[in-house]
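In what follows, a structure is listed as C-alpha cells, so that the remarks can point back to it.
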Amino acid sequence: MKSTSTLHLTPCAVFNLRIFIAAIMLVPAFFLSACKQNEKAAGATTQFVAMGTAISITVHSPSAEMSENALSIAQSEITRLEKLWSTTDSESEIFALNTSLDSVNVSEETAKLLLFAKEMAEQTDGAFDPTIYPLVDAWGFLTHQYRIPSNDEIASLLSRTGSEKILLEENDVSLLDGAQVDLGGIAKGVAGDSFASIMRENGITSAIINLGGNVQLVGARPDGEPWRIGIRNPFGTGILGFAAVQNCAVITSGSYERNFLGGDGLVYHHIIDPETGYPAENGLISVTIITEEGSLADALSTGLFVMGTEKAITFWRERGGFETILVTEENSVLISEGIAASFTLSDEYLASARVITKDTEYFPLWTEFSATAAAE
Ligand code: AMP
Ligand code: MG
C-alpha cells in the first residue's frame, strides 16, 4: 500500500445534469454505470451484503464467462477480508487480537494493514485512530445498543486509545494498555483496492464496486467515457453533484450515515473524535476523498471528517496526493481545485459552492473557477 498516489482524472464529459438527476433518482446506489455500452462488452453484476453494508459490483469484459469469473473471485475475496478483519466475528484475526492479553501472530496482510493504519494515524495527527474501538463500542455502534456514556467512562476509555499502543514485530502484534482495534474506518477502502487488483489480474479493464456508497473504479466505462459518480447531498435525498473520474476511489464519510437520537434529544453519529471521545463536531457534515487508492481515501475520509473544515483544508494543501469535497454544517460545499473542473454541481449548490486552492487567500466561486478553467 502506498501512502501517496498519482491521480488520473479525466475532464468532465459534456453531460445533461437534469437528465442525470432524473435518472439517479431511480438508482438506489449513487452511481451510474455505462449509459452507452460497448456492444462487444459483456457485463455482469452482483449484489450481496458484507462488511455491514450492501455491496454491488459490475464488471465489463469481452465475454460473459470472463465477467462472471472475475465477479465471483471478487465476491469471495471481500467475504474473506470481512472474516479476517471483523470486530464481531469470533473467528476473525482482529477479534483474536482484541480479546488476547498476549501478542497474536496475524497474517501478513493484517500486519500490513495495521502498519498502514498506524501510518495514517501519524499523518493525520491522530484524527484517524485505529484504536478507537473502546469508544465506538461504548456508544453502541458495534452492537446497535446505543447509549450515551458518562464523562468518566469516556475519560477512562480514552486512556486505552492511541495508535502507538499497537506494536508490530513482523507479524506478531501486541496491544498495550488495554487498547483494541477497529478497522471499520478503512476496511471498505482496502476491499476496493483488492477488488481493483483482482480485476487487473483477470484482464478486466472496466469495472465498478460500490460498498455502501464507497466506490472503487477500474478503468473507464466500457464506452471509454469517465464514470460519473454522484455524491450524496447530506442535507437531502438527492445528490450535490457528480465527479467524472476513472481509475480511482471515491469515498465519503458523513455524520448522516449511522447515528441515533439520544434521550437528551441530540443526534449522535459514529465517527468519534479521538481527542474528546464524543462524535466529532468540527464543522463538517460530509467529506469525500478522491484518489487512486481506496485504502488511502477511506482513512482520509474519516480523518478529515474528524479534523473539521480548517484543518482538513490545511491538510489537503500540505499533504496533497488526493482531492476532496467538503460539506459544512452551514451547507457550504468546498471542492479542491484538482477535481473542480471534473465536478458538476446540482442546481441547489451552483451559486454558492467554492473551490479550495493552494492559495490560502483565494476561495473562488466554483462557477467562476470553472469558467476560467474552460477558457484556458
Ligand atoms: P468511515 O465511514 O470510513 O468514516 O468509518 C467510520 C467507522 O470507522 C466507524 O463506524 C467506526 O467503526 C470507525 N471509526 C470511528 N471513529 C474513527 C476514528 N476517529 N478513526 C478511525 N476509525 C474510526
Ligand atoms: Mg473511512
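By convention here, the first residue in the shown sequence is residue 1. For ligands, and for the atoms within them, numbers begin at 1 and follow the listed sequence. This is a predicted model, so every value here is computed, not measured. Just the heavy atoms: all of them, side chains too, but no hydrogens, waters or symmetry mates, feed the values below.
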Phe141 ring center within less than 6.0 Å of Tyr146 ring center: yes
The Mg ion (ligand 2) contact by Gly185, N, O or S atom under 2.8 Å: yes
Numbering as shown, the atoms of ligand 1 that approach Val306 to under 4.0 Å (heavy-atom distance): 19 (N)
Option of least heavy-atom distance to atom 19 (N) of ligand 1 (set: Ile289, Ile132, Ile272, Leu142): Ile272
CD-CZ distance between Glu292 and Phe322, expressed to the nearest 0.5 angstrom: 15.0 Å
Sidechain-backbone polar pair: Ser86 side chain, Ser92 backbone, donor-acceptor under 3.5 Å: no
From Asp129, Asp273, Thr87 - option closest to atom 18 (C) of ligand 1 by heavy atom: Asp129
Row check, Trp316 ring normal vs Lys358 NZ/CZ: under 6.0 Å, within 45°: yes
Glu82 side chain to Met51 backbone, donor-acceptor under 3.5 Å: yes
Plane angle bin for Phe260 and Trp139 - parallel if under 30°, tilted between 30 and 60°, otherwise perpendicular: tilted
Ligand-residue contact atoms, ligand 1 with Pro274, heavy atoms, under 4.0 Å: 19 (N)
Atoms in ligand 1 flagged as close to Ile271, the criterion being non-hydrogen separation under 4.0 Å: 4 (O), 15 (C), 16 (N)
At the Mg ion (ligand 2): angle between Thr302 atom OG1 and Asp298 atom O, to 10 degrees: 90°
Ring geometry between His269 and Phe305 (parallel below 30°, tilted from 30 to 60°, perpendicular above 60°): perpendicular
Separation of Ile78 CD1 from Ser194 OG (nearest 0.5 Å): 7.5 Å
Under 4.0 Å to a heavy atom of Ala127 - the qualifying atoms of ligand 1, by number: 18 (C), 19 (N), 20 (N)
His269, His270, Lys188, Met307: member with heavy atom nearest to atom 9 (C) of ligand 1: His270
Closest approach of any protein heavy atom to atom 5 (O) of ligand 1, naming residue and atom: Gly185 CA, 3.3 Å
Thr252, any N or O under 3.5 Å of ligand 1 N or O: no
Close-contact set for ligand 1 against Phe128 heavy atoms, below 4.0 Å: 20 (N), 21 (C)
Atom NZ of Lys165: over 12 foreign heavy atoms under 6.0 Å: yes
Atom indices of ligand 1, in the order listed, that fall short of 4.0 Å to a heavy atom of Glu257: 2 (O)
Atoms in ligand 1 with a heavy atom of Asp182 nearer than 4.0 Å: 11 (C), 12 (O), 13 (C)
Residue Ser253 vicinity, atoms of ligand 1 by number, heavy atom under 4.0 Å: 1 (P), 2 (O), 3 (O), 4 (O)
CD1 on Ile313 to CG on Leu326, rounded to 0.5 Å: 6.0 Å
